[in-house]
Number of protein chains: 2
Amino acid sequence: MPIPILLTVDAVVFGYTPQRDLHVLLIQRGHDPFAGHWALPGGFVLPNEHIEHAVRRELKEEAGIEPDYLEQLYTFGNPNRDPRGQVVSVAYYVLVKPSKFTLTAGTDATDAQWWPIADLPPLAFDHAEILQVAFNRLSAKVTYEPIGFELLDEKFPFSHLEHLYTTLLRHSIDRRNFRKKIMQFGILESLNEKSAPSGSGRPAALFRFNRARYFELKNSGFALDLSTPAVK
Amino acid sequence: MPIPILLTVDAVVFGYTPQRDLHVLLIQRGHDPFAGHWALPGGFVLPNEHIEHAVRRELKEEAGIEPDYLEQLYTFGNPNRDPRGQVVSVAYYVLVKPSKFTLTAGTDATDAQWWPIADLPPLAFDHAEILQVAFNRLSAKVTYEPIGFELLDEKFPFSHLEHLYTTLLRHSIDRRNFRKKIMQFGILESLNEKSAPSGSGRPAALFRFNRARYFELKNSGFALDLSTPAVK
DNA sequence: GCAAAAGTGTTGTAACTACACCCATGT
DNA sequence: ACATGGGTGTAGTTACAACACTTTTGC
């Protein structure tokens, strides 16, 4: 005797802003429960809607975002996670280049904003836990798949990549060795452009991720390894 | 306006039988849809039931199995995956030592049986896809976490471990190098016992997985790597 | 004594870590 | 000229891959 259950989706959207820090997209809830609290974007799955479609729809509605990279994270089924009763939520994690979008608050939300991962407000429901799981997954995955590039602009200086990895791996790395390793794979295309000078310092060369080259490598059985030891 | 949706769980239960092959537990369905077809064990989530609890309950009911190792795999939400209408399913994968259980067919099932992974019957719903995802996940995970031991008996000869990895990695491996690698970690405790002679050949020494030692290693920041190159 | 499975060491090579100084630009 | 961030090479060490013969048992 099947009993229908309320099903939602939630998205942990990561963005890496030019100021060089990892951010998460949060929306401020307009209604109860948790009215006024910050929460992950998400909402109920519609009848006959594919769950992945539901996430994309909610992201567009609530924040005006259409992600390139989106992947299922985990399904949270603790019967007490929502004060309204049993609500099971399928969580996704999403990587975007923030420069591609202007955030727009949707109808259900009073606001949509990027929050630095190191300084988050209290979150509604079990969203702090979901975010933690997402961050851990991202940190782990970035060492064996080149998904970090989904967070950077199309063209980026090497230092952005390095700083991103520093943040995700939670330790500093040796610049020379890291660069050598990535260059060896040949998955970075070096452009004949320099970044605009930002304040002072030498302008950096710009690179682009060579997706085609990466898939070649991958299909020929090559395993990427972007982990790097902590520098003392 | 939330609409309730039917929610099920499905389990991909892997077992490694003494005959030395990787098997999956399937049940033969007693009712429509797909009456008579083989399917993954599973069923509907009850009101206010935690989803993980639902899997354990179904496994016990349908096959008499109480697993040690159980982990969420992926949530399948294609609206056409069930002919009865929209049914979202949270899939788990489960590792058991088959020698610990006697299979018992439950009330909904006409039969419960181990099937060799290399020779499966046609499956109900999208269960073939689920099984494929589970197998891929298991194959990947076995290289960086020692979950393979959950499939072996408490005491096992080295050759069982080696054969298991051969099956999961889908290529043969160098026995000497593999053994060296695993022995280096010190996660195998060598017992002063020999396996009973099975037919002909030299009797093998028995080992036990040293869980405590593994957690020590892990907590001191050590990353296991049990991948091994294919032998030419 | 032969078939079948278990057990074991060495050597060359490739990959990694550690490490510090010069360069280009803005102010 | 100085502050800021960008860019680069080498040497010692370690870890891995490749490889084949001997041992113990049953029949």
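So that the names make sense, note that chain A is the first sequence line, chain B the second, and so on, each numbered from 1.
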In whole angstroms, how far is the [atom2] atom of [N] from the [atom1] atom of [X]?
X: Arg175(A); N: dT8(D); atom1: CZ; atom2: C1'; result: 9 Å
X: Phe158(B); N: dG7(C); atom1: CZ; atom2: P; result: 9 Å
X: Asp174(A); N: dA15(C); atom1: CG; atom2: P; result: 18 Å
X: Arg202(B); N: dA5(C); atom1: CZ; atom2: C1'; result: 9 Å
X: Phe178(A); N: dG9(D); atom1: CZ; atom2: P; result: 19 Å
X: Ile173(A); N: dT17(C); atom1: CD1; atom2: C1'; result: 14 Å
X: Asp225(B); N: dA15(C); atom1: CG; atom2: P; result: 15 Å
X: Met183(B); N: dT8(C); atom1: CE; atom2: P; result: 8 Å

*Can we call the ring centroids of Phe125(A) and Phe34(A) under 6.0 Å apart?*
yes
*asked:* Can you see whether Phe156(A) has Arg208(A) sitting over its ring - NZ or CZ less than 6.0 Å from the centre and within 45° of the normal?
replied: no
*asked:* Check the phosphate of dA5(C) against Ser159(B), side-chain N and O only, distance under 4.0 Å to OP1 or OP2. Yes or no?
replied: no
*Start at the 5' end of DNA chain C and walk down; is the nucleotide closest to Gly201(B) or to Asn177(B) reached first?*
Gly201(B)
*Map Lys180(A) and Ala205(A) onto DNA chain D by nearest heavy atom, then report which one ends up closer to the 5' terminus.*
Ala205(A)
*Please figure out whether Leu206(A) or Gln184(B) has its closest DNA chain D nucleotide nearer the 5' end.*
Leu206(A)
*Kindly say whether, by distance alone, the side chain of Arg179(A) makes a donor-acceptor pair under 3.5 Å with the base of dG7(D)?*
no
*With a 3.5 Å cut-off and just heavy-atom distances, do the side chain of Arg176(A) and the base of dA20(C) make a donor-acceptor pair?*
yes
_What's the closest nucleotide to the side chain of Lys181(A) if the choices are dC16(C), dT25(D), dA17(D)?_
dC16(C)
_Option among Val24(A), Asp10(A), Val133(A), Leu73(A) that satisfies the side chain to side chain contact (heavy atoms under 4.5 Å, CB included) test with Tyr93(A)_ = Leu73(A)
_Could you tell me if Tyr16(B) and His160(B) have a donor-acceptor pair between their side chains, going purely by distance under 3.5 Å?_
no
*Can you say whether the rings of Phe209(A) and Tyr214(A) are parallel (under 30°), tilted (30 to 60°) or perpendicular (over 60°)?*
tilted
